[in-house]
Protein chains: 2
Amino acid sequence: MTQEAIINAGLKCFASYGYSHTSLANIADEVGIKKPSLYNHFNSKNDIFLSVLASVGDREIDYLSSLEATAEQQSIEKRLHQLYKRYIQHLSESMEGLFFKRVTFFPPEEFAQDIRQMFTKVESKMNELLCPIMEQGKKDKALRSLPTETLTSAYYTLIDGLFLEENFYDRDVFEKRQQASWEIFWLGIQYPAREE
Amino acid sequence: MTQEAIINAGLKCFASYGYSHTSLANIADEVGIKKPSLYNHFNSKNDIFLSVLASVGDREIDYLSSLEATAEQQSIEKRLHQLYKRYIQHLSESMEGLFFKRVTFFPPEEFAQDIRQMFTKVESKMNELLCPIMEQGKKDKALRSLPTETLTSAYYTLIDGLFLEENFYDRDVFEKRQQASWEIFWLGIQYPAREE
DNA sequence: CCTACCGATCGGTAGG
DNA sequence: CCTACCGATCGGTAGG
C-alpha cells in the first residue's frame with residue numbers, strides 16, 4: 001500500500017535528516033512518486049510526521065515485548081547486561097533508534113507534546129521489563145537493597161549517555177565507553193559488594 | 001564592537017534554533033541591524049557559524065580552567081562530585097552548553113569536522129582536570145584500582161546521559177536521575193567497597 | 001549601514 | 001497519480 005510506503009519513506013527521511021530538513025520531495029522520491037501525489041494519502045507534512053511517530057511508537061513497544069521473554073532462568077547480572085546490550089544495539093542500529101534520537105533530543109516544537117506522549121509510553125513499557133528484574137535481584141540478595149527507582153534511574157542515564165555517544169564517537173571508543181560504564185554500574189549495584 | 005555583537009547574537013540563535021533554523025534575519029534582528037549589514041563583518045552564514053564555534057571553544061576552555069583550582073584539599077569524593085555537579089549545571093544553564101548540545105549531537109554535516117575538532121580540544125582539557133583526581137584517588141586507596149580510562153569513561157557517560165536528559169525531563173525527574181546516577185557511580189568506584 | 005532585489009527551495013493547491 | 005503553478009522565505013548581491 002502506498003500509504004505504508006510513505007510512512008516508511010518518511011521514517012527513513014526524518015531519521016536521516018530531521019523534520020525540517022526533510023522535504024516532501026525527498027519523501028516522494030523515496031517512494032517513487034511525485035510530491036503532489038502525497039496529498040492523496042496525507043493532508044500535510046505535519047500529518048505524515050504524526051503517522052510516522054505513531055508507527056514508530058507501536059514498533060518500539062513490539063520490540064520491547066519481544067525482549068520480555070528472554071532468559072528468565074539466567075542470573076540477574078546476565079539478564080540486566082543482556083537487556084542493556086540489546087537495547088543499546090537496537091537504538092544504534094535501527095531506523096527507529098535514529099528517529100527516536102532525532103526527535104526526542106530536539107523535538108520540532110509543534111510536536112513536542114505528541115513526542116513526549118509517545119516517549120512516555122515506550123518508557124513505561126521499558127519499566128515493565130526492568131523493574132521486575134531489579135526487584136527480583138533485591139529479593140535474591142544479588143543487588144544492593146536500594147530503592148528500585150534509584151537502580152532504574154542510574155540504568156537509564158547510562159543508556160541515555162551511550163545513546164548520545166554512539167552518535168559521536170568511533171565504534172571502538174564507543175565500545176570502551178559501553179564496557180566501562182557497565183563495569184562501574186555493576187560494581188555499584190551488585191551485592192555483596194565485590195572487594196578489590 | 002559589532003563583530004562581537006554578531007558572534008553573541010549568533011551564539012544565542014544557533015543555540016536556540018540550530019544552524020539551519022537560524023536565518024540571517026534572526027541574527028541581524030538580535031544585533032539591531034539589517035540582514036545585509038552582516039556582510040560588512042562576515043562573508044557568509046557559514047563564516048558566522050565558524051566564528052561562533054571558535055568563540056565557544058575558547059570560552060569552554062576558559063571555564064574549565066576556572067574549575068581547575070577548586071578544593072585541592074577536599075576528599076576525592078567531594079572533588080569528583082563537585083566537578084560533576086558544576087559541569088552539569090554549566091552545561092544545562094549556559095548558552096554555550098545549549099550550543100554544545102545542538103551542535104555536537106546532530107552537527108550540520110558541512111561542519112562535522114570543525115565541530116569534532118573543537119569538541120576534542122574541550123574534552124582533552126576536561127581530561128586534564130579529571131585524570132589527576134582519579135589517579136590521586138587510586139594512590140590514596142580512596143578509589144578501586146581500575147584503569148583510569150575505565151573510571152573516566154564511565155564518568156563521561158554519566159555526564160552525557162544527564163546532558164541528554166536535562167533537555168527532556170522536568171527539573172525534578174532530572175534531579176532524581178542526577179542523584180541516583182552519582183550514588184551508583186560512587187558505590188561502583190569507591191574503595192574500600194561499602195558493605196550494605 | 002541601508003533599500004531593493006536576485007534565484008532557489010519550500011509546503012501546498014488547481015485542475016485534470 | 002501527474003504537470004504546472006502559488007506565495008513565502010531563504011542566503012546572498014547591487015548599489016549607494
Side-chain angles (χ1 to χ4, degrees), chain A residues 1-56 98-99 102-103 106-115, chain B residues 1-56 98-99 102-103 106-115:
Chain A
M1 215 165 95
T2 307
Q3 196 166 35
E4 207 175 317
I6 294 172
I7 288 179
N8 284 323
L11 169 58
K12 185 171 170 183
C13 292
F14 292 137
S16 305
Y17 317 127
Y19 181 74
S20 67
H21 267 76
T22 295
S23 74
L24 293 179
N26 291 147
I27 296 175
D29 276 357
E30 186 70 29
V31 176
I33 57 177
K34 298 293 176 186
K35 184 181 66 164
S37 303
L38 296 171
Y39 286 85
N40 287 309
H41 305 279
F42 296 93
N43 295 320
S44 62
K45 185 181 180 184
N46 203 297
D47 189 16
I48 295 177
F49 182 81
L50 289 176
S51 296
V52 171
L53 183 68
S55 164
V56 168
L98 190 54
F99 179 85
R102 283 265 179 204
V103 125
F106 285 111
E109 211 170 325
E110 40 199 320
F111 305 116
Q113 208 164 349
D114 305 274
I115 290 168
Chain B
M1 217 164 92
T2 306
Q3 197 166 34
E4 208 174 317
I6 293 172
I7 289 179
N8 284 323
L11 170 58
K12 185 171 169 182
C13 292
F14 293 138
S16 304
Y17 316 126
Y19 180 73
S20 66
H21 268 76
T22 295
S23 73
L24 293 179
N26 292 147
I27 297 176
D29 277 357
E30 185 71 29
V31 177
I33 59 178
K34 296 294 174 187
K35 183 181 68 165
S37 303
L38 295 171
Y39 286 85
N40 286 310
H41 305 279
F42 296 93
N43 295 320
S44 63
K45 185 181 179 183
N46 202 299
D47 190 16
I48 296 177
F49 182 81
L50 289 175
S51 296
V52 171
L53 184 68
S55 165
V56 168
L98 189 54
F99 180 84
R102 284 265 180 203
V103 127
F106 285 111
E109 211 171 325
E110 42 199 318
F111 304 116
Q113 208 165 349
D114 305 273
I115 290 167

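All values below come from the heavy atoms of this structure, side chains included, with hydrogens, waters and symmetry mates left out. Here is how names work: the chains are called A, B, and so on, in the same order as the sequence lines, proteins then strands, and each is numbered from 1.
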Original post:
Which atoms form the tightest heavy-atom contact between I115(B) and P107(B), and what is the distance?
Top reply: CD1-CB, 3.7 Å
Original post:
So, the side chain of K35(B) versus the backbone of D29(B): is there a donor-acceptor pair under 3.5 Å, distance only?
Top reply: no
Original post:
Which ring-ring contact (aromatic ring centres under 6.0 Å, His included) pairs, counting each pair once, include a residue from residues 24-45 of chain A, with sequence neighbours left out?
Top reply: none
**OP:** Kindly assign one of parallel, tilted or perpendicular to the pair F49(A) and F99(A), based on the angle between their ring planes and the thresholds 30° and 60°.
**Re:** tilted
**OP:** Sequence neighbours left out, what passes salt bridge (Lys or Arg N to Asp or Glu O under 4.0 Å) with K12(B)? Give chain and number order.
**Re:** E30(B)
**OP:** Without swapping roles, check the side chain of N26(A) against the backbone of T22(A) for a donor-acceptor pair under 3.5 Å.
**Re:** no
Original post:
Of all heavy-atom pairs between A15(A) and L98(A), which one has the smallest distance, and what is that distance?
Top reply: O-CG, 3.4 Å
Subject >> R102(A) to F106(B) six-membered ring, cation-pi geometry met (6.0 Å, 45°) >> reply: yes
Original post:
What heavy-atom pair brings Y19(B) and E110(B) nearest, and what distance separates the two atoms?
Top reply: CE2-OE2, 3.9 Å
**OP:** Taking only heavy atoms on the protein side, list every residue of residues 43-52 of chain B lying under 4.0 Å from any atom of DNA chain D, sorted numerically.
**Re:** S44(B), K45(B)
Subject >> Option passing side chain to side chain contact (heavy atoms under 4.5 Å, CB included) with I6(A) (candidates I48(A), L11(A), N40(A)) >> reply: I48(A)
**OP:** Name all stems that contain residues of DNA chain D, defined as runs of 3 or more consecutive Watson-Crick or G-U wobble pairs, both distances under 3.5 Å.
**Re:** C:1-16 with D:1-16
Original post:
Between L24(B) and L38(B), which heavy-atom pair has the shortest distance, and what is it?
Top reply: O-CD1, 3.4 Å
Original post:
What parts of residues 29-41 of chain B reach DNA chain D, counting only heavy atoms under 4.0 Å away?
Top reply: K35(B), P36(B), Y39(B)
Original post:
NA contact type, T22(A), heavy-atom cut-off 4.0 Å: base, sugar-phosphate, or nothing?
Top reply: sugar-phosphate
Original post:
Between the main-chain N or O of S51(A) and the side-chain N or O of S55(A), is there a donor-acceptor pair closer than 3.5 Å?
Top reply: no
Original post:
How would you give the extent of chain B contacts on DNA chain D, as first and last nucleotide 5' to 3' within a 4.0 Å heavy-atom cut-off?
Top reply: dC10(D) to dT13(D)
